[in-house]
Number of protein chains: 2
Amino acid sequence: MKEETRQRVLAAARQVGYTPNAIARSFATRRSGHLGVVMPYVPKARLFSAYYFSEILSGIGSRAQANKYDLLMLFREPGGTMDYMNLFRSRKVDACIILGAKDELGEREAIRELDQGGHPYCLINQRFDGENFHVVDADHAEGGYRAVRHLLQAGYRRIAFLNGPDVYSNSRDRLAGYRRALDEAGITPDESLLFEGNFSRKSGHAAAEFIAPLLPGIDAVFAANDRMAIGLSQGLRARGVKPEHMPALVGYDDSDSAEMSDPPLTSVRVPFYQLGELAASHVLRLLEEQGGPADRRERMHLQLPTELVVRASSLNRTM
Amino acid sequence: MKEETRQRVLAAARQVGYTPNAIARSFATRRSGHLGVVMPYVPKARLFSAYYFSEILSGIGSRAQANKYDLLMLFREPGGTMDYMNLFRSRKVDACIILGAKDELGEREAIRELDQGGHPYCLINQRFDGENFHVVDADHAEGGYRAVRHLLQAGYRRIAFLNGPDVYSNSRDRLAGYRRALDEAGITPDESLLFEGNFSRKSGHAAAEFIAPLLPGIDAVFAANDRMAIGLSQGLRARGVKPEHMPALVGYDDSDSAEMSDPPLTSVRVPFYQLGELAASHVLRLLEEQGGPADRRERMHLQLPTELVVRASSLNRTM
DNA sequence: TGAGAAAATGTACGCGCGTACATTATTTGC
DNA sequence: GCAAATAATGTACGCGCGTACATTTTCTCA
C-alpha cells in the first residue's frame, strides 16, 4: 500500500468525522484491549494505604498506556471470592493483575484455575507457598531483616514486632527477616513480643494497649507499615508514655507519612511504582506470546530489593 | 415466560459452561458498560495527594459496582488535551467522570463539546466560570472562610495564605473565603501574604523560603492542602524556626497526614468519597434519561459542605 | 507497447449477541 | 371440548469491524 493512499484515506476519514467503533473492533478481533486490575475489598479504601495503591496503579497505568491498553478496575465483592476465570471467559479483559490477594482457600483455587487456563495474569506483592504463580514481589524478608538489624546495630535488644495478618506473604516474609536478624545477633526471639495488626493506623493505636505495659522491657518496635507505626506512636503517647521513654520505631513502605510524622519515621522503602510497571510489562508480554506452547512457559517470580531509610525515630535515644 | 423454564435454561447454560461474551453483548446493545474516569496527568501520582484520589475513586467504584458498571481508568497525556468526545464516539465509555480538570482553553472547549453532545459526564471538584457544566463540588469558599475565621477567633491577625494554582476553581474559591473572613474581621487583606504552591509537600517546603523571613509579621498560615501545610512546617523548622515561633497552621482536605503530623494539623474536611459517589450516581442517571429531550435537561451543580476539624496546630500559642 | 508486478478497488463473510416476529405447543376458562 | 390466551420454539437479521480473496486499475521495465 502506498503511503500517499494511506494519507488520502485518513484525510477522508477525518473529513467525514469517522471514528472507529472500539466495541465493534474488539468484537471482530476478539480482544477487549483491557488490562484488568483487581482491587482488594477495602471499605472506603482506608485499610490499605492509599499510598500503596496509587503508586502501584500509576506504575501499571503508565505501562498500559504505553501499550494502548486501557485499565479496567475490578472490585472484589465484600464476601465472596473473585471468579478470575470468568473475566477471561466473558472477554472483559485480555490480561489481569491481582492486588491484595489473600492466601485463602478459594483465592488460591481461583488463581490456580487462571494459571492452568493459560491466561496472562500476575500477582503483585503476594506469594502462594507451594504454587508456581506469576508473581512480582519485593524482598520483604530482606526488608524485615534490614529493619531489625538496623535496630540491633543502634543498640536495641528487646525488639517487638507489630506485624500484619499472615494471610499476606509479606507478613510472613518480614517475620522471617525479623527472626533471622535476631538469630544472627544471638538473641532468642521472645514470642510475647510479637503482635498483629491489620495495617490500619487504628490497629497500631490499639496495639499500644498491649505494648505500653511492657515498655520498660521493650526498647524498640518494628511495625509492618508506616500507618501502624504512627498509630502505635500516637497510642503510646495517648497512654502517657513520655517522649524520652518512647521505644525506637521502624516502619515499613516509606510512605509519605513517614517523612511527615514527628519524629520522622525510619522505614523500609518498597518500590511500589516499579512493581506495578513490571507486573504490567510481564502480563502484556504473556499476552503477546499467547500463541506459544502454554505449558512450557515459565512462571515469573521477581523480588525487587527494598531499601532502609533511616530517620530520627530509630536513632539511639542516648544520642 | 415461566420461572421454571428460566431455571431450566440457566441450568443448561451452567451445564455446558456457557458464559455470555461481554464484547458481543456490548456490540449488540451498543453500550460498553464502562464508566470512564479521567485521571489527571501526575508524574508518579505524587502531585495530587493519593488520599484525594483513592477516596474519590472508592466512591465512584462503589456506585459503579452497584449498577453493574465497570470502571475504565483513562490517563491524560502529559502534554495534550483530552479528547473527551472521542471516548463516546469510539464507544469506549457510556459515561464519564472527569477528575483534576484545569481551567484552560483546550480543556474548557473539550468539555463544552461533551456537554453539547448530550453525553453523560460530570466534573468533580472543578467549576468553570461562565459555563453551565455538570459539576459535583465542595463548598471551598465556605471551607476557606471557616479556616480563616477559626484562626481569627483564636486571636491571629496576620494570616498568610499558601494557595494552590488558580487554574483550579477550588483555589479561587478558597481565596474568596479567605478574603471574606478577613473582611468581616475588618482586616484589609495584605497581598504580600498570598503565596502559591502546587499542592505538593515540596512546594510547601519551598514556600518556607519566603515565609520564614516575614515571620515576626505573620502569626498564622492557611494552606490549601495538608501536604503543603506539613511541607511548610518542615521547611520552617529546617530554616531554624523554633517551635515557639511557629505560626499557627491550618491545612485543607483533612487527609490521613493531618492527624499523623506533629502537632496534629487543624484541617478542613472535604467529603471526597461522597463527591465520587454523587458524581457516579448523577452520571448513571443521565445515562438512563438519555432518551429524553437532551437540551432541556438541567445541569447539576452540587456543592457539598466542608467541615473544620480543629487540632493542636491552630491553638493559640499563648495557651 | 505489452507483459508482469504492484496497487487499488470490490465483494463476501463471520464474530455472538439482542431483537423482532412467525410458528407451534401448551395451558386456561367457559 | 373448543376457542382464546399464554408459553415455548424457530427463524432471520443487523450491529461495524477485520480478514480473505477475486477483480480491476495503475505502474514498471524491457
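Below, chains carry the letters A, B, ... as their sequence lines are ordered, and counting in each starts from 1.
Take Arg8(A) and apply the side chain to side chain donor-acceptor pair (under 3.5 Å) test, not counting sequence neighbours, and it matches no residue. With sequence neighbours excluded, no residue forms a side chain to side chain contact (heavy atoms under 4.5 Å, CB included) with Ala28(A). Considering only residues two or more places apart in sequence or on other chains, Arg25(B) meets the side chain to side chain donor-acceptor pair (under 3.5 Å) condition with none of them. With sequence neighbours left out, Gln126(A) forms a side chain to side chain donor-acceptor pair (under 3.5 Å) with Ser169(A). Evaluation of the side chain to side chain contact (heavy atoms under 4.5 Å, CB included) rule for Glu77(B) yields Gln65(A) as partners, not counting sequence neighbours. When the side chain to side chain contact (heavy atoms under 4.5 Å, CB included) test is applied to Glu277(B), the partners found at least two apart in sequence or on another chain are Ser62(B), Arg63(B), Tyr273(B), Gln274(B). Qualifying side chain to side chain donor-acceptor pair (under 3.5 Å) partners for Tyr69(A), counting only residues two or more places apart in sequence or in other chains: none.
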Heteroatom pairs (N/O) under 3.5 angstrom, protein to nucleotides 24-29 of chain C:
none

- Note on the structure: Quick tally for nucleotides 10-21 of chain C: nucleotides whose base has a protein heavy atom under 4.0 Å get B, sugar-phosphate-only ones S, the rest -, giving -----BBBS---
